[in-house]
Number of protein chains: 2
Amino acid sequence: MGRPSSFLDETVFAAVANCLVEQGEVRLQAVTATARVSTGSIYHRFGSREGLMAAAWLDAVGAFQDRFLAALEAPATSPGLAAALVTPAFCRDEVARALILTTGRRSEMMSDKAPPDMRARLDQLNGRSRAGLETFAREQGLPIERVRLALIGIPLGAVRLYLPDKAVPESVDGDIGTAVAPLLSAR
Amino acid sequence: MGRPSSFLDETVFAAVANCLVEQGEVRLQAVTATARVSTGSIYHRFGSREGLMAAAWLDAVGAFQDRFLAALEAPATSPGLAAALVTPAFCRDEVARALILTTGRRSEMMSDKAPPDMRARLDQLNGRSRAGLETFAREQGLPIERVRLALIGIPLGAVRLYLPDKAVPESVDGDIGTAVAPLLSAR
DNA sequence: CCCATAATAGAACATTTTTTCTAGAACATA
DNA sequence: TATGTTCTAGAAAAAATGTTCTATTATGGG
């Protein structure tokens with residue numbers, strides 16, 4: 001019951017991503033102008049600027065991890081390759097979330113003053129992700145740091161060469177595969 | 001003649017790096033407190049907040065490129081490898097500059113409102129860097145995008161896994177070499 | 001020792017940004 | 001249609017941030 005909301009979280013998050021990329025910072029005025037939502041609505045839904053930033057960050061992190069962990073845990077002929085390619089794929093079909101993930105700094109998106117429950121939720125997500133990586137590393141008999149580099153560091157480094165300007169070209173998938181393969185072969 | 005300056009640019013830049021990492025943003029008050037320099041002095045030397053940010057960015061970019069291009073142009077048995085390893089080395093012995101380079105966003109460090117001469121200087125630096133990469137790519141008969149990934153994207157992705165928290169371990173050098181080698185072999 | 005110069009210091013000022021607050025709009029239910 | 005509820009709207013207030021300005025300090029040269 002009550003008045004229905006007139007905008008989606010997604011729209012506001014996209015505005016956050018846009019500000020991050022265009023201005024290099026997130027000003028509430030810029031967000032409300034971009035998303036065409038009043039400040040009252042923002043505060044009604046997110047409580048504060050910190051709450052908004054935290055919400056956008058959690059949304060992006062959660063969406064990415066869902067896909068990443070699914071790819072990581074699925075059986076494959078080249079273990080890890082699919083997970084490494086989640087990053088470029090994510091950049092292509094979830095542009096706003098990807099921009100937040102790649103250009104947002106954790107310390108600004110989830111500040112010390114963010115709502116405690118949201119901070120807890122982030123810890124939970126990160127724990128889940130870490131566990132997934134550790135399991136994979138153990139199963140493959142690889143050092144965890146090498147796995148982090150192959151599945152996270154390199155794909156991120158690759159897509160950041162293109163964001164925010166242009167789209168991530170298909171060719172990076174092959175290059176990521178080339179770079180990652182030798183790291184994932186047991187030595 | 002005149003009163004001698006009582007602090008180094010370097011000290012202020014380090015404070016900028018610190019703020020970037022700790023707070024996720026650069027507030028002048030935080031910079032003056034961290035560097036123990038008065039606002040008057042900051043304005044006297046850098047003119048404005050934008051001027052300070054631009055100066056810190058130029059300093060970091062210039063220092064990195066000097067080492068990167070030197071490594072790129074030096075004759076080597078594994079062409080490109082030394083250049084790829086400049087990034088982790090830079091993180092180890094130029095921590096503040098490396099933090100600015102890895103965590104600062106270009107759009108916030110060198111904003112549209114930065115002093116025009118500083119913007120021009122940055123363009124000049126970037127042009128020099130691009131030329132170096134293109135020359136290398138041509139000489140090696142490799143696509144420029146593959147070179148950018150191997151020499152910039154991957155090393156950056158690797159060190160970002162560690163910064164800002166811990167130091168970059170020696171082991172990443174080997175892993176970077178492993179990942180980069182197949183990208184730099186002519187196909 | 002006095003002056004010119006160049007820098008520092010920090011309070012006062014101005015501007016920008018965030019937050020609050022009151023009014024009103026949209027919907028469900030009875 | 002009356003009522004309770006949830007949301008939107010945007011101006012006003014509050015807080016935070018950036019900038020200016022005057023006084024002061026430190027150094028070298030006449």
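In what follows, every heavy atom counts, from backbone to side chain, and hydrogens, waters and symmetry copies are set aside. The sequence lines fix the lettering, A, B, ..., with proteins before strands; numbering per chain opens at 1.
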K.L.:
Measure from the side chain of Ser5(B), starting at C-beta and using heavy atoms only, and say which of dT27(D), dT8(C), dC27(C) lies closest.
P.N.:
dT8(C)
K.L.:
How many whole angstroms separate atom CD of Glu25(B) from atom P of dT18(C)?
P.N.:
9 Å
K.L.:
To the nearest angstrom, how far is Met53(B) atom CE from dG18(D) atom C1'?
P.N.:
13 Å
K.L.:
Whole Å only: how far is the CD atom of Gln29(B) from the P atom of dT20(D)?
P.N.:
18 Å
K.L.:
Which part of the nucleic acid does Val26(A) contact within heavy-atom distance under 4.0 Å: base, sugar-phosphate only, or nothing?
P.N.:
sugar-phosphate
K.L.:
Name the residue closer to the 5' end of DNA chain D, choosing between Phe7(A) and Arg3(B) according to the nucleotide with the nearest heavy atom.
P.N.:
Phe7(A)
K.L.:
Does Arg49(B) make a cation-pi contact with Tyr43(B) (under 6.0 Å, within 45 degrees of the axis)?
P.N.:
no
K.L.:
Looking only at heavy atoms, what is the nearest atom pair of Phe7(A) and Ser41(A), with distance?
P.N.:
CE2-CB, 3.6 Å
K.L.:
Would you say a side-chain N or O of Arg49(A) is under 4.0 Å from OP1 or OP2 of dT18(C)?
P.N.:
yes
K.L.:
Figure out the CD1/C1' separation between Ile42(B) and dG10(C), and round it to whole Å.
P.N.:
13 Å
K.L.:
The side chain of Ser41(B) lies closest to which of these nucleotides: dT8(C), dA9(D), dC27(C)?
P.N.:
dT8(C)
K.L.:
For the side chain of Ser38(B), starting at C-beta, report the closest nucleotide among dA26(D), dT5(D), dT8(C).
P.N.:
dT8(C)
K.L.:
Between dA12(C) atom P and Leu28(B) atom CG, what is the distance in whole Å?
P.N.:
19 Å
K.L.:
Using the ring of each side chain (for Trp, its six-membered ring), is Phe46(A) parallel, tilted or perpendicular to Phe13(A), with breaks at 30° and 60°?
P.N.:
tilted
K.L.:
May I ask you to evaluate whether Arg45(B) reaches the phosphate of dT8(C), defined as a side-chain N or O under 4.0 Å from OP1 or OP2?
P.N.:
yes
K.L.:
Indicate, with a heavy-atom threshold strictly under 4.0 Å, whether Thr39(B) touches base, sugar-phosphate, or nothing.
P.N.:
base
K.L.:
Flag the pair Arg130(A) and Asp123(A) as a salt bridge only when some basic side-chain nitrogen lies within less than 4.0 angstrom of an acidic carboxylate oxygen.
P.N.:
no
K.L.:
Rounded to the Å, how far apart are Leu52(A) CG and dT19(C) P?
P.N.:
10 Å
K.L.:
Once you round it to whole Å, what is the distance between P of dA11(D) and OH of Tyr43(A)?
P.N.:
16 Å
K.L.:
Scan Glu25(A), Glu22(A), Glu108(A) and name whichever one has a salt bridge (charged side-chain N to carboxylate O under 4.0 Å, His left out) with Arg105(B).
P.N.:
Glu108(A)
K.L.:
Any side-chain N or O of His44(A) under 4.0 Å from OP1/OP2 of dT8(D)?
P.N.:
no
K.L.:
Gln23(A) CD to dT17(C) C1': how many Å, rounded?
P.N.:
14 Å
